[in-house]
**Student:** 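Below: one structure in structure tokens.
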Amino acid sequence: MRTVCFIQSHYTNIRDESPDATYFCVEKIRSSGLFDEVVIAAADMPENKIFYDLAEKWGVKCFLGSPDNMVERMTQVAEAFDCQVLARVLLYWFYLDVDLIGRMMALLESSNADYVNLPLNFDIKFGADVHSVSGLKQVSEALNKDETLLAEFKFRPWFYIEDNRDKAWKVVTCEDTPTYSNDYHELVAAQVIGSTPWAWDYGKTFYYHEYVFAAKLLDPKATVLDLSCGWGSGTNILADVCEQAIGADVSESLIEAARGRFDKDNLSFIVTDGQSLTMSDDSVDAVVSIHTMEHVDNDERFLTEIKRALRSGGKLIIEVPLRMRAPFVHNDNPFVPKTDEFPGHVREYTTQGFQDLVAKHFTITDVQGDNRGYYCDVERARNAVLIIAHN
């Protein structure tokens with residue numbers, strides 16, 4: 001059974017002129033002996049051609065494939081390297097656990113499964129998405145039969161794969177997961193600051209599906225405030241569906257960039273701190289806050305300011321990432337901590353803790369979980385929790 005490690009990569013992951021393989025997951029994967037081939041797999045675009053030289057330097061292969069269809073890119077790699085098992089990881093997952101990935105691959109074979117996932121409370125970045133190639137091809141065939149499904153799941157198919165586990169393919173969960181010490185948590189957290197891309201860093205990468213979801217919940221006549229708007233891409237989406245959209249961010253440079261990127265009559269951008277808004281009382285109909293509250297020093301003050309700016313009956317749509325209980329079970333410290341140089345997390349929330357905090361200030365009407373980029377029942381959340389509430 002021939003195996004390939006598919007290292008999903010993008011040129012924006014490369015921040016140094018001559019990066020070392022040990023800075024990423026490449027050397028750990030290459031030296032593990034788990035795989036017949038290790039492949040840097042990036043979108044076929046000019047900027048990603050840098051990976052040809054990097055792959056040669058790192059002693060692995062490079063493949064540029066489908067830009068926006070990850071299922072197709074994975075099957076392209078499987079066919080190019082003639083493998084039966086493909087394990088997908090991301091380039092910057094330097095902390096991944098090769099022993100865990102080995103157990104996942106063994107489980108795939110012993111159970112005759114098509115996909116092996118990890119428990120809901122375990123951070124998937126320490127493992128991999130382990131696929132049989134025959135199962136991947138079945139997923140591709142199923143998506144290609146339905147244009148709506150294809151558009152929705154072609155880049156991030158894993159929730160769809162899990163959700164249809166009893167239909168055309170077999171999904172099993174690897175329960176044999178590790179627990180790591182506090183010392184290892186601190187070591188990884190210190191290193192992750194320099195290697196993990198953050199969502200607003202490159203302009204085109206932002207929380208797209210979250211804003212599309214939020215936009216569907218807004219009244220067309222609403223004035224909506226987008227807190228921590230970054231480059232403004234999300235605010236621009238909101239402006240398409242509401243009467244007035246205001247993007248707010250504490251960074252003057254990001255606001256200047258947003259103003260330069262978008263020009264709509266109903267779209268504006270302001271510099272303000274979410275913990276001390278310059279908005280007047282009762283001035284907006286809705287507030288959207290996507291992955292922001294975990295960054296602020298005082299989350300109580302943040303919610304109080306939103307409440308003040310919202311009109312009576314106004315809507316709050318707020319999402320935060322979940323604190324993963326495993327593999328670090330002995331502390332609640334953020335995996336990606338905030339520093340003076342890096343806009344990481346001050347804290348991370350549990351589902352119940354997040355709901356309790358918001359409920360102190362607002363009336364909650366709905367709670368949704370995020371699982372690999374798709375909303376679901378909160379009990380199935382893997383990555384984040386979204387709350388819809390009213391003032």
Side-chain angles (χ1 to χ4, degrees), residues 10 12 67-70 147-156 159 197-251 253-272 274 277 279 283-295 306 309-311 314-321 343 365-366 368-376 383-390:
H10 196 60
T12 53
D68 62 353
N69 188 328
M70 194 58 60
E147 292 184 1
T148 301
L149 284 179
L150 181 65
E152 187 171 5
F153 293 107
K154 63 183 179 181
F155 191 76
R156 291 185 288 191
F159 180 72
W198 55 292
W200 298 113
D201 208 5
Y202 304 106
K204 293 181 180 179
T205 303
F206 71 107
Y207 296 106
Y208 177 79
H209 89 275
E210 289 90 338
Y211 276 99
V212 170
F213 185 84
K216 296 175 182 178
L217 303 174
L218 296 174
D219 189 308
K221 296 182 179 179
T223 295
V224 58
L225 173 66
D226 176 23
L227 278 177
S228 191
C229 67
W231 292 67
S233 300
T235 323
N236 184 57
I237 289 175
L238 303 181
D240 287 337
V241 299
C242 64
E243 190 167 294
Q244 190 74 30
I246 305 165
D249 203 285
V250 72
S251 168
S253 61
L254 287 176
I255 290 298
E256 288 179 7
R259 288 170 177 162
R261 295 178 73 214
F262 301 107
D263 182 19
K264 293 178 179 176
D265 291 340
N266 70 330
L267 178 61
S268 60
F269 296 97
I270 61 172
V271 178
T272 189
L277 291 172
M279 316 291 296
S283 56
V284 296
D285 303 298
V287 172
V288 174
S289 171
I290 304 297
H291 289 240
T292 299
M293 193 166 68
E294 67 275 11
H295 297 280
I306 291 174
L310 264 180
R311 297 188 178 110
K315 181 177 290 185
L316 170 63
I317 303 166
I318 183 168
E319 180 174 307
V320 297
T365 56
D366 193 19
Q368 295 279 322
D370 181 294
N371 186 324
R372 309 298 296 271
Y374 297 93
Y375 289 108
C376 58
N383 308 100
V385 174
L386 179 138
I387 285 177
I388 303 164
H390 289 85

**Student:** So, does K154 use its side chain to make a donor-acceptor pair with the main chain of M70 at under 3.5 Å?
**Tutor:**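 Not confirmed, K154 side chain does not pair with M70 backbone.
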**Student:** Is E256 reaching over with its side chain to a backbone N or O of L254, donor-acceptor style, under 3.5 angstrom?
**Tutor:**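 It does not hold such a pair.
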**Student:** More than 12 non-hydrogen atoms from neighbouring residues, nucleotides or ligands closer than 6.0 Å to CG on D265, yes or no?
**Tutor:** no
**Student:** Are the side chains of L217 and K315 in touch, meaning some heavy atoms are under 4.5 Å apart?
**Tutor:**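 They are in contact (side-chain heavy atoms under 4.5 Å apart), so the answer is yes.
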**Student:** Are the side chain of D285 and the backbone N or O of T223 linked by a donor-acceptor pair below 3.5 Å?
**Tutor:** yes
**Student:** Are the side chain of D370 and the backbone of G373 linked by a donor-acceptor contact shorter than 3.5 Å?
**Tutor:** yes
**Student:** Look at the side chain of T292 and the backbone N and O of I290, then say whether any donor-acceptor pair between them is shorter than 3.5 Å.
**Tutor:** yes
**Student:** Ignoring hydrogens and angles, tell me if any N or O in the side chain of S228 forms a donor-acceptor pair with the backbone of D249 under 3.5 Å.
**Tutor:** no
**Student:** Got a second to check how far I318's CD1 is from L227's CG, nearest 0.5 Å?
**Tutor:** 8.5 Å
**Student:** Closest approach of N383 and R372, non-hydrogen atoms and distance?
**Tutor:**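 Smallest heavy-atom distance, with atoms named: OD1-N, 2.6 Å.
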**Student:** Considering non-hydrogen atoms only, spot the tightest contact between A214 and I317 and give its length.
**Tutor:**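 Taking A214 first and I317 second, the nearest heavy atoms are O-CD1, 3.8 Å.
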**Student:** Check step by step if side chain to side chain contact (heavy atoms under 4.5 Å, CB included) holds for V320 and H291.
**Tutor:** CA-CA 5 Å; V320 297; H291 289 240; over 6 Å; no
**Student:** Working to the nearest 0.5 Å, report the span between OH of Y211 and CD of E319.
**Tutor:** 10.0 Å
**Student:** Give, for atom CD1 of I255 and atom CZ of F269, the distance between the pair rounded to the nearest 0.5 Å.
**Tutor:**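 Here the interatomic distance stands at 6.5 Å.
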**Student:** For the atom pair CE (M293) and CD1 (I306), what is the distance rounded to the nearest 0.5 Å?
**Tutor:**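 Going from CE on M293 over to CD1 on I306, the span is 7.5 Å.
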**Student:** Does E243 reach the side chain of P220, with side-chain heavy atoms less than 4.5 Å apart?
**Tutor:**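 Side-chain contact under 4.5 Å: no.
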**Student:** Hey, does F262 have a side-chain heavy atom less than 4.5 Å from the side chain of T235?
**Tutor:** no
**Student:** Could you grab the distance from atom OG of S268 to atom CG of D263, nearest 0.5 Å is fine?
**Tutor:** 11.5 Å
